Every structure is written in C-alpha cells, then in structure tokens.
Amino acid sequence: IPNLPTLSLISATCCWNPATRMPPQANLAMRCTYNPRTSAHAPERMPRAQYIRVHKPMKTFFRPTYYCIAFVLLWIGNAAAQPLPQDSIAFNPEVERQFIQAMRYFGAGAFDSAALVFTENIRLYPRSHRATGCYIMGGKALYQVGKYRESIKLLKDLIDLFPETQYADDAHYTLALNYIKVSRSEDAAAELLVAVESSHDQRLADRSVKLLDALAAGELPIGQLQLLAADAKKDETKALFNFYIGEKLFRNGDNKMALEVLRGIIQLPPHIQYVGDALKLMDRIEKTDILKIGIALPLMLKSEQAGVRDQGMEFLNGIQLAVDEYNLDAPVRLTLEIRDTERDPSVAARQVTELCSDSKVVAIIGPISSNEVFASAGIANARGIPLITPTGTSNGIASIGPYVFQANPDYDTRGRAMAEFAFKQLHAHTASSIAPRDAIGKLIADAFLDEFKRLGGDVIDAQWYESGTQDLRTQFKVIRLHGLQRMEVPFIDFGGKIKNQEVARLVAAGARRRVIDSLIERQGKIELAKLLGKNGKQIADSLRIPYLTDSMRFDSLGLAVQSIDVLFAPISSSEEIGVVGSHVKLFNIQTQLLGTQDWNEVNELDQHRQYVDNVIFSSDTYVDNNDPGYRAFAAKFQKANNNRKPSTNTLFAYDVMKFVANVVRRGATSRNAIAAAIPKTAPYVGLHTTLSFLPPRVNGFLTVLQFKNRAIKKIGQIDLSLPTP
C-alpha cells in the first residue's frame, strides 16, 4: 500500500518546481512523492496519462463507486502503515494559499513580507507539503533583507531536517553567500565546495565555482586551501585549490614548494582550466629572483600562555601584508626568514647571528625592544647587514654602526623636537620643566632644556619627581617662586650715582642719550624693557649695569604666574596626566603645557579636561581613521586576518617593511647597497608617521597633537631628520 501513488495524486497540483522556479499554477504536470524515512517531498513529472486522469472533472474521476471505496481503503491503510503528524503529507489549502502569496511578495521584491510569511508557514506547519520550499525561499528572502544570521539558521535547519531535499545544493550556495556577508570566508568556501561537487544544476555549479575561485584567490589562507583540497573529490576542484596554494606560496617566496604543488596540476588532463594557469605560473617562478628579509620578533612560540604571542604576531601580520603587496608586481621577489627572539636578549643575539649567516638575507627587521636591539645590532653591523628596529627608542642604538637604523625617534629626538616646536612655532622665550627622575624622564627633559637654551630660550627652572608620585606641591612651589621672580620688573634709578662709562655703555647698547640725560636731570627711574627693549635685563647683565627690581608678594595664589611661556612635562604614564594638570591649576601658573607620547590618552585627558584642555604633545604615531589610504589598508588587513583590526604595532611594522621594499624596488638588492640607499631615500609618508633615516640614521619625524574641546587633533609635524645648525 505505501508504494501506491494515491496520496501523491492528491497533492499533484501543489508542487514547486525548483529546476524552473515556476509558480505553482505552471506546474500542473508535477507530483510530489513523499519519502517517509526522511519526511521529504520530491517532485517528479507525471506521465501524461496520469496527468490527464488526475485533472479530469471530479465527477468523471470518481464515477465508479468502487473507485471511491478503493480510494478510502487505500488512504486508511496507508495511514495505518505509516503514522505521521497532521498535515505532514496531505495537501493543506491554507499552506498553499500562504505559499503562493509569499512567492508573489518575493517576485515583487517585497522580501521582508515574503520572509515573514515563509517563516510563519514553517512555524505553523513544519511538515507540510510546502515545508522544504518555505525553508529555501525563506532563507533567500532573509538574505535579501540583510538578515544573514537568521538566513543561515533557516538554511542549516533545512539541510539537517531534510538531508535528501532537492534544494540542498541551492541551500549550500545561499549559505555561502550569507557567510561571505558575515566575514566567514572559510565557512563560505566549505559550503561552495559542497555545492560545486554535488549540484546537478550546471548554472548553480558554475556560479559556485566562480565564487569559490574569488575566495581562494583573495581571502583564504594556505592552510585552509590545503584542507579544502584534501576534501575535494573532483579533479577540477582540487586543481582550483592547489593552483592558489602554489600562487600564495610563490607570493611568500617559497618557490620550491610552489613548484612542487603546481607540478601535480599539470599532470591532469589539459582541458581542466587550471592546467594552463599552472604552466604559466611555473614559468614565471623559474624566471624570478628572490631576496630574503630576516625577521626577528618576540613570537613566543614556545609559550603556552594565552595572549603573550599577540604583540609579535601584530608586527608579523603588518610585515606580511606589506610583502604580499610588493610581490604582486615586484621585479625581484621578497620572502621572509622569520626568527623568534622570545623576549630574551641572548636569544635575539643568537637568532640575528643565524640570519646573518644566510647569504640570501639582505636585511633584518627587528628586534622591537631596545635591550634586544643592543644585544644583537652590533652583530649585524659587524657582519655588514642592515638592521632596522621598528620601535626601539633608547639613545645610542643607531650609533652602534652604519648598518643600524632606528625607525622610531629616540629619547633625545623627542625632547629636542618639543623644544624646537616651542621656540619656533609657539615663539616661547621662557620655559620650565617637571619630569620623572627615572632614566627616560631625565633623558627627554635634559634634551628639551639643552635644545631650548641652544636656540636662545631662557630656562627658568627644572624640577624632578619619583614616577607615580601624587603630591607635587613641593616641586610646583619652587616653579611658582622662580616664575614670580621673573615677573619682578627690573629698572635703573638715575637718582643715585651712575658712572659716565655706564652711561656710555647704555648708549652703545641702543639707549637714547636724550632720554638718559632727562632721567639724570630729574633723578628718575625707568624700566630696563623701556630703555633697552624686551631683552633689557639680559643686556644690562651683559654690560654689568647695576639695576633694581620691585619685590613681588609670594604668599598669594591669587596672583597668576605669567612669566613661564611653556611648561614641559614628559610624564612616565598617562596616570600622571591629572596629577600634573591639577597642580598647574592649583598653583595658578598660566602657561602652555607641553608633553610627549604618554599624554596621548584621550580618556584620561577628557577626565581631567578642566586642568589640561589645550595641552600640546608629540607622538610617534597618529592615524586618521577617515583617511582613504588608511581605510583601504584596514579593509585589506581585516580580510587577510579574520576580520581583526590593525593595531599600532601593525602600522609600525607595515610602514617599515614598505620602506625597505621600496628601497629594493629602486634597485638595491645587496646588503651594502641597501645600507647605502636607506639614508639617501626620500622621506616615506607612512600610515602612522613619516620615515626618514638621514644621518644619524634615527627617524626625526614626530606628529604634534593637541587636546581641545574633548578631542585630540593633529596640529603639526616636527622634522628633525636633518641636523640643526
């Protein structure tokens, strides 16, 4: 009884044709065959005789009484033999009506309404004669309206509940489209592989191959391509994956392995598409020269601790992307020789020694910490191989030798840069500093003070404190005292004894003789600034002219100190922003506050904005998120790294690798040629800063930022790449 087509005849007019995507009314010659094992419906074309018989008028079809009796008996027998939930097989006119309405919505582009009806139909009638049709069309409608995760769930339910459904291939293809939208490229490729290898619809298979080709060429890493190639059953699909494995190995500089993979493709029948592509790529590989770039980073490969590898991998990902971009059209290809320094200076020295011993390594990028660089840079310099540290900031790294380069400004450069900005851009003539007493704070502050004095500025005071100190009242009392002393007005009293030689020296310095004679006659007083100009005090000191000052009241904080043009505060961490800022406000020192990299923390600045609004500071990195170049880079990086956003470390590494690659592109392909070309290369405008290695081979570019109106903005750039006369 179950094998008879009785129930199929009942639902013969309500089957959806997936092959032609025809509406129900155009599908009268189809019938649904129910599979009780899978609870699925499979349409098939009815013989013409059955078609005519089924669609005769009902009175003709049921004229003989025994037909009616047989029909009822067969229906009862079939139901007893295979118990099923209500509406699991039988035609349901309400389901049919809703399905037709949903299809009309879909055809008219009203995908929201279509998705709502399809999903509601599934909820109310999960085993109806239209169940599988509602699942596939509901998934497509949800995809069209951008509800990708809901579409994924619906399509996966279809495959799980009805594994033998004829819509399976279409479901896998639509799943792949959804996965692409949610940046799950590896899952998308797996679904497309199923669609390519199992579909009987050639058009669907062709679309799947094109999409799979695009994924393999762009976003899929080599490891995932290898897994897909192992799962593929058809030669054409295996060839697709292996071709892009070979291409990416070649792009990474592993020519030997790339050729080995491609040789497996060319042994396939010549009509397979990728055979010809593999032959062309093999020819290109055999004609290409390769140079190695040594990489020394703290990858921490031996550590089992979560998170410790992040820093090294951030640098490596930036370098890898820069190399991939360069190798797309490079006359000489670059490959990476990677070493793990393990955050250990002795290990770093050993790894750099190994890189120097490889004659094909023409330059080394890294290490990134100053202590590791000091341990290894001397080895590279002695072996004549250029070493560029992306982030080492200690003084003296580049002075190790002519083959050592520092991409990040050292402490001396950071201090001198802010002194030059204060004197030349802010036109400051007086300055004080307050800095941590640690080694870094002293190096930066001393460099600032020395450079400010060298430029002709006047240093009023320099104070020091222990890092982390919360109470700076003692230091600011002294700064205030010295500032008030500078506010005392110096003057000359001509009512006392003044020698003729002193009068002559004043006239020689620019004082008007008629004014002096009048003052002597009246026994009057005059301010040095009015007599000799704004630098009158310094002139009087140099001429040894005695003068007097009006004493100031030191006991009132209500009297603002206005004699300090800039106060330089190279704090040791962003936690000291509020400490320094509040003390400046408390002691009523009206000055321009200056800082360095540790001030670049918008949350701390905003929290203490009543004290530090308008603070100006330098930074070794600044990224404009709205810049088209950065946005293009970030999008490319996220595609290549599972949607991870690039970090500051990534930008440092990417820019340094781009700089080195440009040097190679211009023809420097040996160690000596690269070392000689780096200082002569024009400044490179990178994503995080500008790079220049003019003597003394330390990058001299810093960005000047200002916190104002609750935001950090770029207001300038300092270039100390050329020595100041």
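Just so it is clear, the structure is predicted and the values come from calculations on it, not from any experiment. In what follows, every heavy atom counts, from backbone to side chain, and hydrogens, waters and symmetry copies are set aside.
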**OP:** Show your working on side chain to side chain contact (heavy atoms under 4.5 Å, CB included) between Arg710 and Arg609 and close with a plain yes or no.
**Re:** CA-CA 7 Å; Arg710 308 189 72 172; Arg609 60 185 178 277; 3.5 Å; yes
Original post:
More than 12 heavy atoms of other residues, nucleotides or ligands under 6.0 Å from CZ of Arg631: is that the case?
Top reply: no
Original post:
Within the side chain of Arg505, is there an N or O that forms a donor-acceptor pair under 3.5 Å with the backbone of Leu543?
Top reply: yes
Subject >> Exam field: side chain Ser433 to backbone Phe568, donor-acceptor pair closer than 3.5 Å >> reply: no
Subject >> Nearest atoms (heavy-atom pairs only) where Met418 meets Ser618 >> reply: SD-CB, 3.5 Å
Original post:
Which distance, rounded to the nearest 0.5 Å, do you find between the CG of Leu336 and the CD1 of Ile293?
Top reply: 7.5 Å
**OP:** Can you see which heavy atom on Ile492 is nearest to which on Pro546, and at what distance?
**Re:** CG1-O, 4.0 Å
Subject >> Student check: side-chain heavy atoms of Arg416 and Thr413 closer than 4.5 Å >> reply: yes
Original post:
Is Asp655 salt-bridged to Lys658, going by a charged N under 4.0 Å from an acidic O?
Top reply: no
Original post:
Could you go step by step and tell me if Asp450 and Arg454 meet the salt bridge (Lys or Arg N to Asp or Glu O under 4.0 Å) rule?
Top reply: CA-CA 6 Å; Asp450 292 345; Arg454 192 191 69 78; over 6 Å; no
Subject >> Reported CD-to-NZ distance for the pair Glu325 and Lys636, which is rounded to 0.5 angstrom >> reply: 4.0 Å
Original post:
Rounded to the nearest 0.5 Å, what separation is found between the OG atom of Ser369 and the CG atom of Leu297?
Top reply: 10.5 Å
Subject >> Non-hydrogen side-chain atoms of Lys537 and Tyr547 separated by less than 4.5 Å >> reply: yes
**OP:** For residues Val362 and Thr669, determine if any side-chain heavy atom of one lies less than 4.5 Å from a side-chain heavy atom of the other.
**Re:** no
Original post:
Heavy-atom distance under 4.5 Å between the side chains of Asn672 and Tyr403, does that happen here?
Top reply: yes
Original post:
When you look at Asp340 and Lys302, which way does the salt bridge (Lys or Arg N to Asp or Glu O under 4.0 Å) test go after all the steps?
Top reply: CA-CA 9 Å; Asp340 184 4; Lys302 297 180 181 178; over 6 Å; no
Subject >> Smallest separation among heavy atoms of Ala569 and Val580, with atom names >> reply: CB-CG1, 4.1 Å
Subject >> Side-chain (Asp458) to main-chain (Thr430) donor-acceptor, under 3.5 angstrom >> reply: no
Original post:
Can any side-chain N or O of Thr389 pair as donor or acceptor with the backbone N or O of Pro367 at less than 3.5 Å?
Top reply: yes
Subject >> Heavy-atom side-chain proximity of Phe374 to Pro345 below 4.5 angstrom >> reply: no
Original post:
How long is the gap from CD on Gln406 to CZ on Arg697, to the nearest 0.5 Å?
Top reply: 10.0 Å
Original post:
Regarding Asn317 and Tyr654, is there a side-chain donor-to-acceptor distance under 3.5 Å anywhere?
Top reply: no
Subject >> Nearest-0.5 Å distance that lies between atom NE2 in His688 and atom OG1 in Thr650 >> reply: 11.5 Å
Subject >> Heavy-atom side-chain contact between Phe421 and Ile715 under 4.5 Å >> reply: yes
**OP:** I would like to know whether Ser370 and Thr393 meet side chain to side chain contact (heavy atoms under 4.5 Å, CB included); could you show each step before the answer?
**Re:** CA-CA 6 Å; Ser370 294; Thr393 52; 4.3 Å; yes
**OP:** For the pair Arg486 and Val561, evaluate side chain to side chain contact (heavy atoms under 4.5 Å, CB included) and give the outcome as yes or no after the intermediate values.
**Re:** CA-CA 9 Å; Arg486 288 303 180 95; Val561 175; over 6 Å; no
Original post:
With a 3.5 Å cut-off and no angle check, do the side chains of Asp344 and Ser346 form a donor-acceptor pair?
Top reply: yes
**OP:** Could you tell me how the ring of His583 sits relative to the ring of Phe476: parallel (under 30°), tilted (30 to 60°) or perpendicular (over 60°)?
**Re:** parallel
Subject >> Shortest non-hydrogen separation from Cys356 to Ile364 and the atoms involved >> reply: SG-CD1, 4.2 Å
Original post:
If you round to the nearest 0.5 Å, how far is CD1 of Ile319 from CD1 of Ile295?
Top reply: 4.0 Å
**OP:** Would you indicate whether the side-chain heavy atoms of Glu466 and Arg437 approach each other to under 4.5 Å?
**Re:** yes
**OP:** Give the minimum heavy-atom separation between Val615 and Leu593, together with the two atoms involved.
**Re:** CG2-O, 3.5 Å
**OP:** For Arg671 and Pro386, indicate whether the former's side chain and the latter's backbone hold a donor-acceptor pair under 3.5 Å.
**Re:** no
Original post:
Side-chain contact, heavy-atom cut-off 4.5 Å: Tyr411 with Ser394?
Top reply: yes
Subject >> Nearest heavy atoms of Glu576 and Ile571, plus distance in Å >> reply: OE1-CB, 3.4 Å
**OP:** Please check if atom CZ in Phe587 has more than 12 non-hydrogen atoms from other residues, nucleotides or ligands closer than 6.0 Å.
**Re:** yes
**OP:** Evaluate the side-chain hydrogen bond (donor to acceptor under 3.5 Å, both in side chains) criterion for residues Tyr622 and Thr689: first the C-alpha distance (whole Å), next the side-chain angles of each, then the deciding distance (0.1 Å), finally the verdict.
**Re:** CA-CA 7 Å; Tyr622 174 75; Thr689 191; over 6 Å; no
**OP:** For Trp464 and Gly441, indicate whether the former's side chain and the latter's backbone hold a donor-acceptor pair under 3.5 Å.
**Re:** no
Original post:
Would Asn603 and Gln607 count as having a side-chain donor-acceptor pair, cut-off 3.5 Å?
Top reply: no
Subject >> Short side-chain to backbone donor-acceptor contact, Glu451 and Glu420, under 3.5 Å >> reply: no
**OP:** May I have the step-by-step check of side-chain hydrogen bond (donor to acceptor under 3.5 Å, both in side chains) for Glu604 and Ser574, ending in yes or no?
**Re:** CA-CA 7 Å; Glu604 285 289 334; Ser574 60; 5.2 Å; no
Subject >> Ser619 side chain vs Thr621 backbone, donor-acceptor pair below 3.5 Å >> reply: yes
Original post:
Can you list the steps and then say if Leu559 with Arg480 is a side chain to side chain contact (heavy atoms under 4.5 Å, CB included)?
Top reply: CA-CA 10 Å; Leu559 180 63; Arg480 177 177 172 80; 4.0 Å; yes
Original post:
Side chain of Asp461, backbone of His482: donor and acceptor closer than 3.5 Å?
Top reply: no
**OP:** Would you check if the side chain of Ser376 reaches a backbone N or O of Ala348 as a donor-acceptor pair within less than 3.5 Å?
**Re:** no
Original post:
Got more than 12 heavy atoms from elsewhere within 6.0 Å of CD, Glu575?
Top reply: no
